[in-house]
Amino acid sequence: MTKQIVIAGGGIGGLSAALACSYANWPVRLLEFAPDFSEVGAGIQLGPNTVRILHGWGLGPDLSRLAAYPERLQARSAITGAELGVLPLGERTRSLYGAPHATIHRADMQHILLKAVRKHSRVQMHMRSGVESFAETPDGIQVSTLGGPSYDGEALVGADGLWSRVRQKLLNDGRPRVTGHLAYRAMVAQHNLPERLRSLQITVWMGPKMHVVQYPVRRGQGLNVVAIVQGSVDGRIDGWDHDANAQDLRAALSDTCRPLQDLVAAIEHWRLWPLSDRPPMRGPQEQAQGRVALLGDAAHPMRPYMAQGAGMAIEDAACLQHVLTPPDVPMAQRLETYAAQRWQRNARVQERSIRNGKIFHAQGPVRWGRDLAMRMGGARVMDVPWLYGGAPF
């Protein structure tokens, strides 16, 4: 029996898991279906709960070279442009939660993790190698790949994303659900924007049935913009890198304020991502069973209204490191502990993300109440201490 952990998926979750298992002194065999490690241009936010883990893995210097660290998060009305509330970040976040709030290009985050994983000789990576099936044996688990070899290990970690093959083999619970929300994503160099549209802070524009988020990446040289509107698309939805017509987005935002329309008009190329998710986790059996564990979007795909998709995957990996570190513990027991320590926090973030989407897109009296609460409460309403300061396990 080979003493190794087999990981399906080479995205942020899978690479985080590989790094975490290495730090727990386990050999790793990582299987990635794609021919190479690549990420389409999009940004992600890393709350202090996530940055603390990355710093603990020794990735702080690399993160500092590639990320941006906004000093404030501002909420504005998409209709009037008026400021609704401000959450100071920067030193306040460092002081309260022990780490900053960072924003980074997704490809840069993957590069940081891949660089760290490649330093570990105990990690073997196989491209063009997706999981076809797996079966538990008396001593471990055997993982068969699509048209390729089989690998033996002591555990399988499914980190293969929203459309996880490992999840379907383990839970057989069908396809993710369609949310009816469409995300238009764009990345633009700040020097290509008029000066009045450049920004080094996070801004959330909230309007009826829509919102837009913008924030800096690449130490402020780039601006990531995500516009989410309610609607549907024709054709397949199992990928987010669809070409999208900028005219459709401009039409959807035609009733918004001039500064927001100017920002959208200044960007020519948008990618369309029809959002899908799953209901909040209902128990530890959705995180692990036997010698198989799920991690990140394979376990708990969530709507992006808390900016915690990558964060929860990285927290999962840190918990995996925690349960794999003690010697002489049966693997099934380790993964049972992993599931017990993670599922409720993941479910809470999933639930809060759904709730936030309703708040962001509120109409009528609910929107008026939201705006009033944000104006009066400011940072107290916008901060999330249980998330940013809470332990991941």
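Here Leu19 contributes atom CG and Leu320 contributes atom CG; the two are 11.5 Å apart, rounded to the nearest 0.5 Å. To the nearest 0.5 Å, atoms CD1 (Ile359) and OH (Tyr305) are separated by 12.5 Å. Interatomic distance, Arg218 CZ to Ile104 CD1, rounded to the nearest 0.5 Å: 9.0 Å. Between Ile5 atom CD1 and Arg291 atom CZ the span is 9.0 Å, to the nearest 0.5 Å. Here the CD atom belonging to Glu83 is positioned 4.5 Å from the CD atom belonging to Gln74, to the nearest 0.5 angstrom. In this structure, CG on Leu170 lies 11.0 Å from CD on Gln287, to the nearest 0.5 angstrom.
At least one side-chain heavy atom of Gln308 sits less than 4.5 Å from a side-chain heavy atom of Thr50. Counting only heavy atoms from C-beta outward, the side chains of Tyr215 and Leu73 never approach each other to under 4.5 Å. At least one side-chain heavy atom of Ile7 sits under 4.5 Å from a side-chain heavy atom of Val28. Within the 4.5 Å cutoff, the side chain of Met331 has heavy atoms near those of the Arg334 side chain. Between Phe33 and Met127, every side-chain heavy-atom pair lies at or beyond the 4.5 Å cut-off. The shortest distance between side-chain heavy atoms of Met206 and Arg76 does not fall below 4.5 Å. Side-chain atoms of Met210 and Ile228, non-hydrogen and from C-beta on, never get closer than 4.5 Å to each other. Within the 4.5 Å cutoff, side-chain heavy atoms of Met306 are placed close to those of Val384.
For residues 136-155, the set of pairs meeting the ring-ring contact (aromatic ring centres under 6.0 Å, His included) definition, not counting sequence neighbours, comprises His126-Tyr151. Pairs engaging residues 70-98 under the ring-ring contact (aromatic ring centres under 6.0 Å, His included) rule: Tyr97-Tyr388 [sequence neighbours left out].
Defined by atom type and a distance below 3.5 Å, a donor-acceptor pair is missing between the side-chain atoms of Asn224 and Gln214. Counting only N and O atoms by type, the side chains of Thr203 and Gln201 include a donor and acceptor under 3.5 Å apart. In summary, the side chains of Gln350 and Asp277 do not present any donor paired with an acceptor at a separation below 3.5 Å, with no hydrogens or angles considered. Residues Gln168 and Trp163 have side chains that never bring a donor and an acceptor to within less than 3.5 angstrom of each other.
Although no hydrogens or angles enter the test, the distance criterion places no donor-acceptor pair under 3.5 Å between the side chain of Ser254 and the main chain of Arg250. Arg367 places no side-chain N or O within donor-acceptor distance of the main-chain N or O of Pro208, the cut-off being under 3.5 Å. Looking at Arg72, its side chain never comes within 3.5 Å of a backbone N or O of Gly90 through a donor-acceptor pair. Here the side chain of Gln190 pairs a donor or acceptor atom with the backbone of Ser199 at under 3.5 angstrom. Panel note: side chain Arg122, backbone Ser22; no donor-acceptor pair is recorded below 3.5 Å. At distances below 3.5 Å, at least one donor-acceptor pair connects side-chain atoms of Thr179 with backbone N or O atoms of Leu275. Using a distance-only test at 3.5 Å, with no hydrogens or angles considered, a donor-acceptor pair links the side chain of Asn346 to the main chain of Arg342. Between the side chain of Arg65 and the main chain of Gly60, no donor-acceptor pair closer than 3.5 Å is present. Not one N or O on the side chain of Glu315 forms a donor-acceptor pair closer than 3.5 Å with the backbone of Gly311.
Here the shortest heavy-atom pairing between Ala362 and Val366 reads CB-CG1, 3.6 Å. Listed here is the closest heavy atom pair of Thr145 and Ser129: CG2-OG, 3.5 Å. Taking both residues in full, the closest heavy atoms of Gly220 and Leu200 are given as CA-CD2, 3.8 Å, listed atom of the first, atom of the second, then distance. Shortest non-hydrogen contact noted between Tyr338 and Cys319 is CD1-SG, 3.8 Å. For the residue pair Val157 and Leu295, the shortest heavy atom distance occurs at CG1-CB, 4.1 Å. The two atoms that bring Thr80 and Cys257 nearest to each other are C-CB, 3.9 Å, heavy atoms only.
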One pair to check against side chain to side chain contact (heavy atoms under 4.5 Å, CB included): Arg196 and Asp262. What are the steps and the verdict?
CA-CA 10 Å; Arg196 71 182 188 282; Asp262 287 346; 3.6 Å; yes
Yes or no on side chain to side chain contact (heavy atoms under 4.5 Å, CB included) for His211 and Val226, after CA distance, side-chain angles and deciding distance?
CA-CA 8 Å; His211 79 282; Val226 184; over 6 Å; no
Steps toward salt bridge (charged side-chain N to carboxylate O under 4.0 Å, His left out) verdict (Arg345, Asp316)
CA-CA 10 Å; Arg345 181 168 167 89; Asp316 283 349; over 6 Å; no
Derivation of the side chain to side chain contact (heavy atoms under 4.5 Å, CB included) call for Ile141 and Val6:
CA-CA 9 Å; Ile141 193 163; Val6 181; 5.6 Å; no
Would you check, one step at a time, whether the test side chain to side chain contact (heavy atoms under 4.5 Å, CB included) holds for Val204 with Val212?
CA-CA 6 Å; Val204 183; Val212 177; over 6 Å; no
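Placement of Ile314 and Met302 in two distinct hydrophobic clusters is found when ILVMFWY residues are connected by side-chain heavy-atom separations under 4.5 Å, directly or transitively. No chain of hydrophobic side-chain contacts below 4.5 Å, direct or via other Ile, Leu, Val, Met, Phe, Trp or Tyr residues, connects Met312 to Leu54. Hydrophobic clustering keeps Leu335 apart from Trp343 (ILVMFWY residues linked when any side-chain heavy atoms are closer than 4.5 Å, directly or through intermediates). There is a path of hydrophobic side-chain contacts, each under 4.5 Å, that joins Leu260 to Leu223. Side-chain heavy atoms closer than 4.5 Å link hydrophobic residues (I, L, V, M, F, W, Y) into clusters, and following such links, even through other members, never connects Phe393 to Val323.
Between Trp270 and Tyr184, the ring planes lie perpendicular to each other; the angle is over 60°, past the 30° to 60° tilted range. Taking the six-membered ring for Trp and thresholds of 30 and 60 degrees, Tyr23 and Trp57 have ring planes inclined between 30 and 60 degrees apart.
Every residue two or more places apart in sequence or in another chain that forms a side chain to side chain contact (heavy atoms under 4.5 Å, CB included) with Ser133 is listed here: Ser144.
For the pair Arg348 and Trp386, the cation-pi test (distance below 6.0 Å, angle within 45°) is passed.
The distance between the ring centers of His105 and His111 does not fall below 6.0 angstrom.
Summarising the local packing, CD of Glu32 is surrounded by more than 12 heavy atoms from other residues, nucleotides or ligands at distances under 6.0 Å. Atom CZ of Arg355 is surrounded by 12 or fewer heavy atoms from other residues, nucleotides or ligands within 6.0 Å. Annotation: Gln247, atom CD; neighbour count of heavy atoms from other residues, nucleotides and ligands within 6.0 Å does not exceed 12.
The existence of a salt bridge linking Arg165 and Asp160 is excluded, since no basic side-chain nitrogen approaches an acidic carboxylate oxygen closer than 4.0 Å. Under 4.0 Å is where a charged nitrogen must lie from a carboxylate oxygen, and between Glu154 and Lys3 no such pair does. Under the 4.0 Å criterion applied to side-chain N and carboxylate O atoms, Asp255 and Lys209 are not assigned as salt-bridge partners.
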